[in-house]
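All remarks here apply to the structure that follows.
In the text below, chain A, chain B and the rest are named by the order of the sequence lines, each starting its count at 1. The figures here come from the full heavy-atom set of this structure, side chains too, leaving out hydrogens, waters and symmetry mates. Treat the numbers as computed from the prediction; the structure is a model and nothing was measured.
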Amino acid sequence: MEDQARMMLGHIGLTGLSHEDVGDPDNIRKHHNLGQPQQDIGEILQQIMVITDESLDEAQARKHALNCHRMKPALFSVLCEIKERTALSIRGAQEEDGPDPQIMRLDNMLLAEGVAGPERGGASAAAAVVAAAAGGSPAEANIEHSEYKEKLAQIRRMYHAELEKYQQACNEFTDHVMNLLREQSRTRPISPKEIERMVGIIHRKFSTIQMQLKQSTCEAVMILRSRFLDARRKRRNFSKQAAEILNTYFYSHLANPYPSEEAKEDLARKCSITVSQVANWFGNKRIRYKRNVAKLQEEANRYAVKTAVDAASVSSQASQANSPATPNSG
DNA sequence: CCAAATGATTATGT
DNA sequence: ACATAATCATTTGG
């Protein structure tokens with residue numbers, strides 16, 4: 001225990017001067033070269049452990065003693081001087097980071113999904129958006145909706161609980177560090193700016209943790225959404241009549257199967273589906289019709305070529321010198 | 001149960 | 001903004 005005080009002071013060069021080292025310009029080198037670093041580290045660790053074992057009162061007393069040491073003002077000014085000289089290299093390394101675009105994206109998404117923000121309003125707004133995006137009838141949209149809402153609320157609760165926890169931990173930690181720094185500022189020079197910077201560093205660390213939370217929450221919401229709200233998962237075929245109407249239009253406008261907005265609205269009304277469903281249908285129909293035609297055409301061409309080649313080989317047996325190949329048209 | 005059909009979404013190009 | 005093409009997820013018919 002005695003060693004500790006000596007060691008602490010020794011670190012700042014007060015006790016170390018009291019013996020044979022005084023006036024020896026090489027003492028630093030001597031100490032560093034002769035002592036095995038491993039052993040030094042072991043010793044220091046040991047001492048740190050002992051310190052942490054001390055009671056608060058003991059520590060306070062020791063600190064007080066240190067503060068009242070007669071050499072303390074001198075030491076302080078020395079430290080200030082050293083700091084002046086070294087501060088230049090430290091300064092200018094920081095200062096960046098406005099609002100992180102990544103975290104803003106996540107925030108926006110969580111807000112849109114109703115996970116962040118006000119309790120009911122956000123959720124119902126998101127539900128409305130989803131219902132509007134999906135083509136299905138409003139009654140059908142509610143079939144599995146309660147389960148979805150429940151799961152979303154669960155995610156929401158978890159998210160807020162975690163966020164709260166992080167916030168609290170961050171505040172506690174910041175307080176702790178600030179107290180520590182304030183305390184230490186009595187024995188070594190620490191400017192308010194440095195404390196501020198420290199707080200900034202802590203906040204950045206915690207905000208990366210928060211970002212991870214937000215990220216995983218976003219993922220959970222996306223999975224939930226795709227599980228419950230992806231319209232592909234509850235697709236219903238259109239009615240026979242609707243298919244009839246759509247096909248009639250398509251084949252009667254085969255030369256230009258691109259219904260105008262107006263025509264789409266008309267068809268949507270007649271088929272009791274939405275305009276975007278009509279658009280989807282025509283998109284699918286066009287590509288699939290084309291594909292079928294192309295496929296059948298290719299098939300036809302294959303057989304046409306085959307028969308042509310057969311015919312050519314038969315005829316070439318009769319006469320070798322022949323006119324060039326017949327190009328086949330599409 | 002399987003393959004074809006089908007409605008919706010996504011990626012890409014204009 | 002819209003069209004196409006590819007792809008996904010489901011329904012349907014054999």
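With sequence neighbours left out, the side-chain hydrogen bond (donor to acceptor under 3.5 Å, both in side chains) criterion links A:R291 to no other residue. Qualifying side-chain contact (heavy atoms from CB on, under 4.5 Å) partners for A:Q212, counting only residues two or more places apart in sequence or in other chains: none. The side-chain hydrogen bond (donor to acceptor under 3.5 Å, both in side chains) check on A:N256 picks up nothing, with sequence neighbours excluded. A:K165 pairs by the salt bridge (Lys or Arg N to Asp or Glu O under 4.0 Å) definition with A:E162, not counting sequence neighbours. In terms of the side-chain hydrogen bond (donor to acceptor under 3.5 Å, both in side chains) criterion, residue partners of A:Q167 (sequence neighbours excluded) are, by chain and number, A:Q210. Partners of A:K151 under the side-chain hydrogen bond (donor to acceptor under 3.5 Å, both in side chains) rule, at least two apart in sequence or in another chain, do not exist in this structure.
Chaining together hydrophobic side chains whose heavy atoms lie under 4.5 Å apart places A:I273 alongside A:F238, A:I245, A:L246, A:Y249, A:F250, A:Y251, A:L254, A:L267, A:V278, A:W281, A:F282, A:Y289, A:V293. If you chain together ILVMFWY residues whose side-chain heavy atoms come under 4.5 Å of each other, A:L56 ends up in a group of its own. Members clustered with A:M158: none, using a 4.5 Å side-chain heavy-atom cutoff among hydrophobic residues.
Of the residues in residues 242-272 of chain A, A:Y258 come within less than 4.0 Å of DNA chain C through at least one heavy atom, sorted by number.
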Filtered N/O pairs between nucleotides 1-3 of chain B and protein, under 3.5 Å:
none

What pairs of nitrogen or oxygen atoms, one from the protein and one from nucleotides 8-11 of chain C, lie under 3.5 Å apart?
from	atom 1	to	atom 2	distance (Å)
C:dT10	OP1	A:R233	O	3.4
C:dT10	OP1	A:R233	NH1	3.4
C:dT10	O2	A:R235	NE	3.4
C:dT10	O2	A:R235	NH2	2.2
C:dT11	OP1	A:R236	NH2	2.8
C:dT11	O4'	A:R235	NH2	3.3

